[in-house]
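Input: a single structure, listed below in structure tokens.
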Amino acid sequence: MITVDSLTRRYGGFTAVDNVSFTARPGRVTGFLGPNGAGKSTTMRIIVGLTAPTSGSAAIDGVRFADLPNPGLEVGVLLDASAQHAGRTGREILTVASDTMGLPRSRVDEMIDLVSLTPTEAKRRVRNYSLGMRQRLGIATALLGDPRVLILDEPANGLDPAGIRWMRDLLTEFARQGGTVLLSSHLLHEIEVIADDLVVIGNGRIVASGTKEELLAATGTLARSTSPRDLAAALDRAGIPGTLAGDGSVRTDADPARVGAVALAAGIPLTELRSAEGAGLEDMFLSLTADTQREGVAA
Ligand SMILES: Nc1ncnc2c1ncn2[C@@H]1O[C@H](COP(=O)(O)OP(=O)(O)OP(=O)(O)O)[C@@H](O)[C@H]1O
Ligand SMILES: [Mg+2]
């Protein structure tokens, strides 16, 4: 179990992580989502002790990462696949890590095999690795100590389709056997397929968290109009609180028939009216983080 409790990290006057709390539970894959710069990597770095929090705390099964006697045996970490010694071969990197953790050398070959690096590739220097090969090596390093907890920042980044599917199966099986997985990704489809729980962050703050089913079901009705502000105001007058998202859509908890009736009575033409249920993770992600997206969101 990963417990994050009221984490805040400031850089000068800028708050990168703002009072963030969540848990990632054993037997579940927890997807950590948010736009670029939302604070995902910073939160993960704090969890594994690479960045100090300004306030708050994070623990793995109740223990701070820095206080774990042999962390590699408890927590597998992949944050930045390029943060390896570029002059070492893949095999050397795994061998050094394995010796540090006090593991048998046979584990190195097992991991090279597991992540499908060929023997020739394992002998190549990491500076000459492709992005996907670095990522595979990073996953091998994370799994080396047979940990119960995995913390992976964009692990699918650079993997080919077969690699993505392999990783999906690996993480699902890892969780099924009682492991805890926290993974960040921009690949919403990947997260939708693999995650049991979701934590959504925007501008350093948690904007939603819960099981995937809860979050995807709780999206209510989505309406679009040529004058979204008038629609939001008309709904408000009718006692239906709604949120006007950055993409010009209006979301409410009321059912579509009621929203349609209000729009008709107010003479506001609708361009779209539907139950947002089942709209999928992308819609949810974009509406929850609309205020924090750089691009605004295309309607
Ligand atoms: N050492 C630092 N000094 C100043 N600002 C920092 C530092 N580290 C991170 N930040 C800022 O904190 C914010 C969050 O960064 P972070 O890397 O956690 O985002 P992210 O959610 O992982 O984004 P991405 O999806 O692009 O990987 C960014 O605005 C970033 O510029
Ligand atoms: Mg990041």
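Sequence positions, counted from 1, serve as the residue numbers for this chain. Counting starts at 1 for both ligands and their atoms, in listed order.
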Practice item. Identify whether NZ of Lys or CZ of Arg in Arg127 sits under 6.0 Å from the centre of the six-membered ring of Tyr129 and within 45° of that ring's axis. Key: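 No, Arg127 does not lie over the aromatic ring of Tyr129.
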Check your understanding: Have Asn19 and Thr8 got a donor and an acceptor in their side chains that come within less than 3.5 Å?
Key ->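 Side-chain D/A pair, Asn19 to Thr8: absent.
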Point to revise | For atom 28 (C) of ligand 1, the protein heavy atom that lies nearest, with its residue and separation | key: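 I find the closest protein heavy atom is Gly37 O, 3.9 Å.
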**Study point:** Protein contact of atom 25 (O) of ligand 1 - nearest heavy atom, named by residue and atom, plus distance
**Key:**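 It is Lys40 NZ, 2.8 Å.
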What do you reckon, does [X] have a nitrogen or oxygen under 3.5 Å from a nitrogen or oxygen of ligand 1?
{"X": "Gly34", "result": "no"}
{"X": "Ala38", "result": "yes"}
{"X": "Thr43", "result": "no"}
{"X": "Asp153", "result": "no"}

With a 4.0 Å cut-off on N to O distance, would you call [X] and [Y] a salt bridge?
{"X": "Asp18", "Y": "Arg9", "answer": "no"}
{"X": "Asp67", "Y": "Arg64", "answer": "yes"}
{"X": "Glu121", "Y": "Lys123", "answer": "no"}
{"X": "Asp61", "Y": "Arg148", "answer": "yes"}

Check your understanding: Is atom 7 (C) of ligand 1 close to the protein, meaning a heavy atom under 4.0 Å from it?
Key ->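 Under the 4.0 Å cut-off, atom 7 (C) of ligand 1 does have protein heavy-atom neighbours.
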Check your understanding: Protein heavy atom under 4.0 angstrom of atom 18 (O) of ligand 1, is there one?
Key ->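 Yes; the ligand atom in question has protein heavy-atom contact below 4.0 Å.
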Practice item. Not counting sequence neighbours, which residues clear salt bridge (Lys or Arg N to Asp or Glu O under 4.0 Å) with Glu92? List them please. Key: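 Scan of Glu92 (salt bridge (Lys or Arg N to Asp or Glu O under 4.0 Å), adjacent residues dropped) gives none.
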**Study point:** By ring-ring contact (aromatic ring centres under 6.0 Å, His included) - contacts of Phe22 (at least two apart)
**Key:**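 Only Phe32 meet the ring-ring contact (aromatic ring centres under 6.0 Å, His included) criterion with Phe22.
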Sub-4.0 Å atoms of ligand 1 with respect to non-hydrogen atoms of [X]:
{"X": "Ala16", "value": "12 (O), 13 (C)"}
{"X": "Ser41", "value": "17 (O), 18 (O), 20 (P), 22 (O), 27 (O)"}
{"X": "Phe14", "value": "11 (C), 12 (O), 13 (C), 29 (O)"}

Check your understanding: OG1/Thr42 to CE/Met44 distance, rounded to the nearest 0.5 angstrom?
Key ->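 Taking OG1 in Thr42 and CE in Met44, the distance rounds to 11.0 Å.
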Review point. Any chance CZ of Arg168 has more than 12 other-residue heavy atoms, nucleotides or ligands included, within less than 6.0 Å?
Key: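 More than 12 within 6.0 Å, yes.
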Check your understanding: For the Mg ion (ligand 2), which protein N/O/S atoms are closer than 2.8 Å?
Key ->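 The answer is Ser41 OG.
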Review point. Evaluating non-hydrogen atoms only, which member of Leu79, Ile46, Asn36 is closest to atom 26 (O) of ligand 1?
Key: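 Heavy atom nearest to atom 26 (O) of ligand 1 belongs to Asn36.
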**Study point:** For Val262, the rest of its hydrophobic cluster, which grows through side-chain links under 4.5 angstrom
**Key:**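 Val262 clusters with Leu231, Leu235, Ile240, Leu244, Val250, Val259, Ile268, Leu270, Leu273.
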Exercise for review: Assess whether salt bridge (charged side-chain N to carboxylate O under 4.0 Å, His left out) is satisfied between Arg136 and Asp160, documenting all intermediate values.
Suggested key: CA-CA 11 Å; Arg136 284 170 191 266; Asp160 54 31; 3.3 Å; yes
